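Here is the structure we will look at.
Values in this document were obtained by computation on a predicted structure and should not be read as measured data. Counting begins at 1 with the first residue of the sequence. The basis for the numbers below is simple: all heavy atoms, side chains too, and nothing from hydrogens, waters or symmetry mates.
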Amino acid sequence: MNVAEHVERAARKAPAHPAIRFEGKTVSYEVLNANANALAGALRKKGVRRGNRVALYLPNIPAFALAYLAVQKIGGIAVSINSIFKSEETRYILDDSSAKVVFTVAELLPNVPRAACPALKHVVLCEGTSPEAQLLDDWMALGTADFPTENMGPDDPASLLYSSGTTGFPKGVTLTHHNIVNNGHAVADC
C-alpha cells in the first residue's frame, strides 16, 4: 500500500484525465505520475531513503502535489510547513522533523535557516532562482519516468503534520498511508 499508487492507477486508466488544474493550465495524471517518478529518482540519488523526512514549505502550487507524490514513492515522510510561517517557526519544524530536503520557492527562501538545521542537506526551489538553492528542473533531470514505488505497510508513516501549538511548540502528528487512503475514500464517498 502506498498513497502514490492511486495516482499511478489513474495514470494507467485515464492518462489524459486532468489531475491538476491551476491558473488555466492542466496537468494530466500521466504527466504528474511521470514527473513524480523522475523527482523520486532524484531524491533517491541525493540520498533520501525510506522513512526520511522531506519538508514541503510551499504555497498552493502544483509543485506541492508533485513533491508530495515523489516523497511517497520513495517511502519518505512528507512534512508540510505552512507557507505563512516565518523563519523561527520554519526552523523549529525543519529541526524537529530532521528533514533532509526542503522544497520551497524563492520568496520563502529567506525563512529557511539552513545553518540552524543540521539535518537539512538540500534546498530545492520550485519557483524562482537563488544561488543558495538548487532548481526543481535540475532535480527532475536526474530521474527517469519509470521509478518503482516503494511498497509500504498500512501503518507506515506517510506524512507529518504539525499542530497549531496553542499551548507551546507545535507537535508533529503522524498520518499513515492507511489514514490518507481512507480519508480519500471518505471524501469520494461524500
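The shortest heavy-atom contact between A36 and A70 is O-CB, 3.6 Å. Considering every non-hydrogen atom in both A4 and L69, the closest pair reads CA-CD2, 4.0 Å. Of all heavy-atom pairs between A78 and V71, the closest is N-CG1, 3.6 Å. Residues L58 and I61 come closest through the heavy atom pair CD2-CD1, 4.2 Å. D95 approaches A116 most closely through the heavy-atom pair OD1-O, 4.0 Å.
Partners of K86 according to the side-chain contact (heavy atoms from CB on, under 4.5 Å) rule, which considers only residues two or more places apart in sequence or in another chain, are E89, N111. In this structure R91 satisfies the side-chain hydrogen bond (donor to acceptor under 3.5 Å, both in side chains) test together with E88, sequence neighbours excluded. Remark: Y29 pairs with no residue by the side-chain hydrogen bond (donor to acceptor under 3.5 Å, both in side chains) rule, at least two apart or across chains. Listed by chain and number, the residues in a salt bridge (Lys or Arg N to Asp or Glu O under 4.0 Å) with E23 amount to none (sequence neighbours excluded). Not counting sequence neighbours, the partners of Y92 by the ring-ring contact (aromatic ring centres under 6.0 Å, His included) test are F169. Not a single side-chain hydrogen bond (donor to acceptor under 3.5 Å, both in side chains) links N35 to another residue, sequence neighbours left out. Listed by chain and residue number, E30 satisfy the side-chain contact (heavy atoms from CB on, under 4.5 Å) test with P15 (two or more places apart in sequence, or in another chain).
Here the straight-line distance linking atom OG of S83 with atom CG of L56 works out to 11.5 Å at 0.5 Å rounding. Atom CG of L32 and atom CD1 of I20 lie 5.0 Å apart (nearest 0.5 Å). Separating the OG1 atom in T174 from the CD1 atom in I77 is a distance of 7.0 Å, to the nearest 0.5 Å.
Under the 4.5 Å side-chain contact rule for hydrophobic residues, M152 and Y68 do not share a cluster.
Counting heavy atoms from C-beta outward, S159 and V173 have side chains that stay 4.5 Å or more apart. A 4.5 Å side-chain heavy-atom check between I81 and Y162 finds every atom pair outside the cut-off. A heavy-atom distance below 4.5 Å is found between the side chains of Q72 and H177. In this structure the side chain of F147 reaches within 4.5 angstrom of the side chain of I74, judged on heavy atoms.
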Quick one: side chains of residues 98-109, donor-acceptor pairs under 3.5 Å with protein atoms, not counting sequence neighbours, listed by atom name and distance.
| from | atom 1 | to | atom 2 | distance (Å) |
| --- | --- | --- | --- | --- |
| K100 | NZ | G47 | O | 3.1 |
| T104 | OG1 | Y57 | O | 2.9 |

Donor-acceptor pairs under 3.5 angstrom involving side-chain atoms of residues 130-144: please list them, not counting sequence neighbours.
| from | atom 1 | to | atom 2 | distance (Å) |
| --- | --- | --- | --- | --- |
| S130 | OG | E132 | N | 3.1 |
| Q134 | OE1 | W139 | NE1 | 2.4 |
| Q134 | NE2 | H122 | ND1 | 3.4 |
| T144 | OG1 | D146 | OD1 | 2.6 |

Side-chain atoms of residues 181-190: list all donor-acceptor pairs with protein atoms under 3.5 Å, sequence neighbours left out, distances to 0.1 Å.
| from | atom 1 | to | atom 2 | distance (Å) |
| --- | --- | --- | --- | --- |
| N182 | ND2 | H178 | NE2 | 2.8 |
| N183 | ND2 | N179 | O | 3.4 |

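No donor-acceptor distance shorter than 3.5 angstrom exists from the side chain of N37 to the backbone of P148, with no hydrogens or angles considered. With hydrogens and angles disregarded, no donor-acceptor distance shorter than 3.5 Å links the side chain of T90 to the backbone of V112. Panel note: side chain S80, backbone L161; no donor-acceptor pair is recorded below 3.5 Å.
Here salt bridge (charged side-chain N to carboxylate O under 4.0 Å, His left out) pairs that include residues 47-60, with residues two or more places apart or in two chains, are R50-E150, R50-D156. Screening residues 67-84 for salt bridge (charged side-chain N to carboxylate O under 4.0 Å, His left out), with sequence neighbours left out, gives E8-K73.
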